[in-house]
Visitor: 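Take a look at this one; I'll ask things after.
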Amino acid sequence: MDVTSDAGAPWLVVGLGNPGPEYAMNRHNVGFMVADLLAERVGGKFKRAGKAQTLVVEGRIGPPGPGSRRVVVAKPMSYMNLSGGPVNALRDFYKVPVANIVAVHDELDIDYGVLRLKLGGGDNGHNGLKSMTKVMGSDYHRVRFGIGRPPGRMQVADFVLKDFAAAERKELGYFVDRAADAVECLVIDGLERAQSTYNS
């Protein structure tokens, strides 16, 4: 499987989440929030990608000219634990090397609002990553958006499927904006530069 980043190939940025208005503000849907902002930035509207269970926006990010990168921003419309199939279909359709795929997702083991970018690794129990890795291997990029651990005895499944708390929502827009900046930096300048700038 090709894991070498290809400068001429498009990038596929996948925001992970669950479809439907009842999930829209859940912690588990922060990947969708970042994808929505990136779609705004490239000036496109989400449309269904052929027969794939996915909404996509195609565009370019970065400065006009040779420094810009072609990007496909995607939101799988399957549920989180089935994300891999739709993402793999897009990878085939757009001919994207695995190393040009970026998954944006919530991360329990990082404090709220903190970002960590990496290439490859385990899924840490995240069902969206687990599904993606099952069908395409683990050698894709991740932008991990910290949501922290559940308080007290709350179950993880309950915590991730709850909306961000009122105090968290005050800063959510700033953190989502910063995560979108991190994705752009990763695509344009590479992982090392993005890590040094955004891994706080």
Side-chain angles (χ1 to χ4, degrees), residues 5 10-19 23-42 44 46 49 54-59 61 69 71-84 86-88 90-91 94 96 98-133 136 138-148 160 164 168 172-191 194-195 197-200:
S5 185
W11 283 76
L12 176 58
V13 178
V14 181
L16 293 178
N18 286 308
Y23 299 106
M25 290 305 296
N26 286 182
R27 293 181 177 92
H28 221 19
N29 269 44
V30 73
F32 273 17
M33 297 174 199
V34 176
D36 286 339
L37 180 55
L38 287 166
E40 277 182 39
R41 289 184 180 185
V42 302
F46 281 104
T54 319
L55 297 178
V56 298
V57 169
E58 298 179 49
I61 61 175
R69 297 284 183 269
V71 66
V72 179
V73 181
K75 297 194 298 184
M77 291 288 105
S78 59
Y79 284 93
M80 180 73 85
N81 61 346
L82 299 173
S83 301
V87 174
N88 201 40
L90 289 180
R91 178 178 76 92
Y94 289 104
V96 179
V98 173
N100 279 27
I101 296 174
V102 184
V104 185
H105 64 92
D106 56 304
E107 179 62 61
L108 285 159
D109 287 336
I110 303 175
D111 290 340
Y112 173 61
V114 174
L115 296 176
R116 291 280 189 276
L117 286 77
K118 70 174 187 174
L119 174 64
D123 57 59
N124 203 23
H126 192 287
N127 287 332
L129 298 182
K130 194 176 296 184
S131 180
M132 286 180 61
T133 296
M136 67 182 73
S138 62
D139 293 317
Y140 52 89
H141 290 86
R142 298 102 188 276
V143 174
R144 305 156 72 205
F145 186 111
I147 60 170
V160 300
F164 283 101
E168 293 171 326
L172 182 59
Y174 167 77
F175 289 139
V176 168
D177 192 69
R178 193 164 183 272
D181 290 346
V183 171
E184 292 186 349
C185 184
L186 168 60
V187 170
I188 296 164
D189 298 319
L191 179 61
Q195 285 176 323
T197 304
Y198 292 99
N199 277 17
S200 40

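The model shown is predicted, which means the values in this text are computed figures rather than measured ones.
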Visitor: Could you give the distance from CG (Asp181) to CG (Leu38), rounded to the nearest 0.5 Å?
Guide: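 Reported to 0.5 Å precision, the distance equals 9.0 Å.
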
Visitor: Using a 4.5 Å cut-off on heavy atoms from C-beta on, say whether the side chain of Tyr198 contacts that of Val183.
Guide: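 Side-chain contact under 4.5 Å: no.
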
Visitor: Check whether any side-chain heavy atom of Leu129 lies under 4.5 Å from a side-chain heavy atom of Asn124, and answer yes or no.
Guide: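 Sidechains of Asn124 and Leu129: no contact.
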
Visitor: Testing the basics here: between Gly121 and Ser138, what is the closest heavy-atom pair and its distance to 0.1 Å?
Guide: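 Minimum heavy-atom contact is O-CB, 3.5 Å.
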
Visitor: Tell me if a side-chain donor or acceptor on Arg91 pairs with a main-chain N or O of Met136 at a distance below 3.5 Å.
Guide: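 Side chain of Arg91 to backbone of Met136: no pair is present.
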
Visitor: For Val73 and Ala35, which heavy atoms make the closest approach, and how far apart are they?
Guide: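 What the structure gives for the nearest pair is CG1-O, 3.6 Å.
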
Visitor: So do Val96 and Val72 actually touch side chain to side chain, heavy atoms under 4.5 Å?
Guide: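 Sidechains of Val96 and Val72: no contact.
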
Visitor: Looking at Asp177 and Arg41, does any basic side-chain N land under 4.0 Å from a carboxylate oxygen?
Guide: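 Judged by the 4.0 Å cut-off on N to carboxylate O distance, Asp177 and Arg41 do form a salt bridge.
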
Visitor: Between His141 and Trp11, is any pair of side-chain heavy atoms under 4.5 Å apart?
Guide: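 Of all side-chain heavy-atom pairs linking Trp11 with His141, at least one is under 4.5 Å.
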
Visitor: Which heavy atom in Val57 sits nearest to a heavy atom in Gly44, and how many Å separate them?
Guide: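 That closest heavy-atom pairing would be CG1-CA, 3.7 Å.
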
Visitor: With distance as the sole criterion, is a donor-acceptor pair present between the side chains of Asn18 and Asn26 under 3.5 Å?
Guide: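 Not at all, the side chains of Asn18 and Asn26 share no donor-acceptor pair under 3.5 Å.
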
Visitor: Does any N or O in the side chain of Asn199 come within less than 3.5 Å of the main-chain N or O of Leu117, such that one atom is a donor and the other an acceptor?
Guide: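 Yes; judged by distance alone, with no hydrogens or angles, the pair exists.
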
Visitor: NZ/Lys118 to OH/Tyr140 distance, rounded to the nearest 0.5 angstrom?
Guide: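 Those atoms lie 9.0 Å apart.
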
Visitor: Any chance you could lay out the salt bridge (Lys or Arg N to Asp or Glu O under 4.0 Å) test for Arg27 and Glu168, step after step, and finish with the verdict?
Guide: CA-CA 10 Å; Arg27 293 181 177 92; Glu168 293 171 326; 3.1 Å; yes

Visitor: For a quick test of reading the model, state the closest non-hydrogen atom pair linking Ile188 to Ile61 and the distance between them.
Guide: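 Closest approach of Ile188 to Ile61: CD1-C, 4.1 Å.
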
Visitor: Do Ile147 and Leu108 come close enough that some side-chain heavy atom pair is under 4.5 Å?
Guide: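 Yes. Closest side-chain heavy atoms under 4.5 Å.
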
Visitor: Which atom names give the shortest non-hydrogen contact between Ala39 and Phe46, and what distance separates them?
Guide: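 Minimum heavy-atom contact is CB-CE1, 3.5 Å.
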
Visitor: In Å and rounded to the nearest 0.5 Å, what is the CG to CE distance from Leu82 to Met132?
Guide: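 Nearest 0.5 Å value for the CG-CE distance: 13.5 Å.
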
Visitor: So Phe145 and Phe175, would you call those rings parallel, tilted or perpendicular, with 30° and 60° as cut-offs?
Guide: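 Ring orientation of Phe145 relative to Phe175: perpendicular.
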
Visitor: So Asn81 and Lys130, side chain to side chain contact (heavy atoms under 4.5 Å, CB included) or not? Walk me through it.
Guide: CA-CA 8 Å; Asn81 61 346; Lys130 194 176 296 184; over 6 Å; no

Visitor: Report the distance from atom OG1 of Thr54 to atom CG of Leu90, rounding to the nearest 0.5 Å.
Guide: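 It comes to 4.0 Å.
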
Visitor: Please step through side chain to side chain contact (heavy atoms under 4.5 Å, CB included) for the pair Tyr112 and Leu172, ending with a clear verdict.
Guide: CA-CA 9 Å; Tyr112 173 61; Leu172 182 59; 3.6 Å; yes

Visitor: For residues Arg142 and Arg116, determine if any side-chain heavy atom of one lies less than 4.5 Å from a side-chain heavy atom of the other.
Guide: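 No. Closest side-chain heavy atoms not under 4.5 Å.
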
Visitor: Going by the angle between their ring planes, with limits at 30° and 60°, are Tyr23 and Tyr79 parallel, tilted or perpendicular?
Guide: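 If you compare the ring of Tyr23 with that of Tyr79, the planes turn out perpendicular.
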
Visitor: Using modelled atom types only, decide if a donor and an acceptor are shared between the side chain of Ser131 and the backbone of Gly128 within a distance under 3.5 Å.
Guide: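 Side chain of Ser131 to backbone of Gly128, a donor-acceptor pair under 3.5 Å: no, none is there.
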
Visitor: Would you give the length of the straight line joining atom CZ of Arg144 to atom NE2 of His126, rounded to the nearest 0.5 angstrom?
Guide: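 So the gap between those two atoms works out to 10.5 Å.
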
Visitor: What's the separation between atom SG in Cys185 and atom CG in Leu191, rounded to the nearest 0.5 Å?
Guide: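 So the gap between those two atoms works out to 9.5 Å.
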
Visitor: Using the rule given for side chain to side chain contact (heavy atoms under 4.5 Å, CB included), can you reason through Met25 versus Met33, listing the C-alpha separation, both sets of side-chain angles and the distance that settles it, and then say yes or no?
Guide: CA-CA 8 Å; Met25 290 305 296; Met33 297 174 199; 4.2 Å; yes

Visitor: If every non-hydrogen atom of Leu37 is compared with every non-hydrogen atom of Ala180, which pair is closest and at what distance?
Guide: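 Smallest heavy-atom distance, with atoms named: CD2-CB, 3.8 Å.
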
